[in-house]
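Have a look at the structure below, then the notes.
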Amino acid sequence: PKSMRPRERLLKIGVEFLSDVELLGVLLGNGGSHRVDAVQLAASLVSITKSLANLSQADPGRLLKIKGMGLAKVCSIKAAFELARRLEEEKFAPGASFCSSLQVYQRFRLRFKGMKKEQVYLILLDNKNRMIKEMLLAEGGINYCHASIRDIFSSVLEESAAAIII
């Protein structure tokens, strides 16, 4: 029935009460030209990828091979996960200071989750441990990355940083 569709349920009972599959169904809109409804398509996506975390990291080419998935649906899913990641990062207001390694972890964890290559980031801080700038110093292979000490110190001096996190 129409009242059981995810969009209608979202408006009636609230977004927080929908299951992951129903929320994904809302994003998908419909099941495409394969006569499958959006919730069924969403359920098969979660089943194929085994979890939402895996779905968020799934290669777009792999998702396009799933029956009912077109370019628009794949782009909607990838965009939604990226917005969620950015929202998590946005919780840390500019000018907020880092007082512990836990705060650094919480700020950057979603960015690094699922990375396929080693990367070295430099976070420059002022004398109150507020972030001045973050920068990618180096990108390597699957298990190695070389960051030049010269690049680190030149960035520190250039930005007049009082402290750093690598």
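Side-chain contact check for Pro6 versus Val39: some heavy-atom pair is nearer than 4.5 Å. Using a 4.5 Å heavy-atom cutoff, the side chains of Arg85 and Arg109 are not in contact. Taking the side chain as every heavy atom from C-beta outward, Arg5 and Asp37 never approach each other to under 4.5 Å. Contact annotation: the side chain of Ile66 approaches that of Leu45 to within less than 4.5 Å [non-hydrogen atoms, C-beta and beyond]. Between Gln119 and Leu137, the closest side-chain pair of non-hydrogen atoms is not below 4.5 Å. Residues Ile164 and Ile166 have side chains in contact (heavy-atom distance under 4.5 Å, counting atoms from C-beta outward). Put simply, the side chain of Ile149 does not reach to within 4.5 Å of the side chain of Asp151, judged on heavy atoms.
Between Glu8 and Lys12 no salt bridge is recorded (no basic side-chain N to carboxylate O distance below 4.0 Å). In this structure, Arg7 does not pair ionically with Glu22, as no charged nitrogen and carboxylate oxygen lie closer than 4.0 Å.
Under the 4.5 Å side-chain heavy-atom criterion for ILVMFWY residues, no single connected hydrophobic cluster contains both Leu18 and Leu27. There is a path of hydrophobic side-chain contacts, each under 4.5 Å, that joins Leu64 to Ile48. Note: the hydrophobic cluster containing Leu28 does not contain Val15 (ILVMFWY, side chain heavy atoms under 4.5 Å, direct or indirect links). No continuous path of ILVMFWY side-chain contacts below 4.5 Å connects Phe81 to Leu83, so the two sit in separate hydrophobic clusters. Residue Val74 is grouped with residue Val46 when hydrophobic side chains (ILVMFWY) are merged at heavy-atom distances under 4.5 angstrom, including chains of intermediate members.
Scanning both residues, Leu41 and Gly68, for their nearest heavy atoms gives CD2-O, 3.5 Å. Shortest non-hydrogen contact noted between Phe98 and Leu125 is CD1-CD2, 3.7 Å. Contact between Ile77 and Met69 at its shortest, heavy atoms only, is CD1-CE, 3.6 Å. Heavy atoms only, all atoms of each residue included: Thr49 and Leu55 are closest at OG1-CB, 3.6 Å. Nearest heavy-atom pair across Cys145 and Val120 is SG-CG2, 3.7 Å. In terms of heavy atoms, Lys78 sits closest to Gln57 at NZ-C, 3.9 Å.
Tyr105 OH: 12 or fewer foreign heavy atoms inside a 6.0 Å radius. Within a 6.0 Å sphere centred on CG of Leu136, heavy atoms belonging to other residues, nucleotides or ligands number more than 12.
Between Leu87 atom CG and Glu82 atom CD the span is 11.5 Å, to the nearest 0.5 Å. With rounding to the nearest 0.5 angstrom, the CG atom of Asn143 is 7.0 Å from the CD atom of Glu118. Rounded to the nearest 0.5 Å, atoms CG (Asn127) and CD1 (Ile132) are 8.5 Å apart. Distance CG/Leu124 to CD/Glu158: 9.5 Å, rounded to 0.5 Å. To the nearest 0.5 angstrom, Arg130 atom CZ is 7.5 Å from Ser97 atom OG.
Aromatic ring centres of Phe108 and Tyr121 lie farther apart than the 6.0 Å criterion allows.
Each of Glu134, Met135, Glu159 was compared with Leu122 under the side-chain contact (heavy atoms from CB on, under 4.5 Å) criterion, and only Met135 meets it.
Looking only at distances, a side-chain donor or acceptor of Ser154 sits under 3.5 Å from a matching main-chain atom of Arg150.
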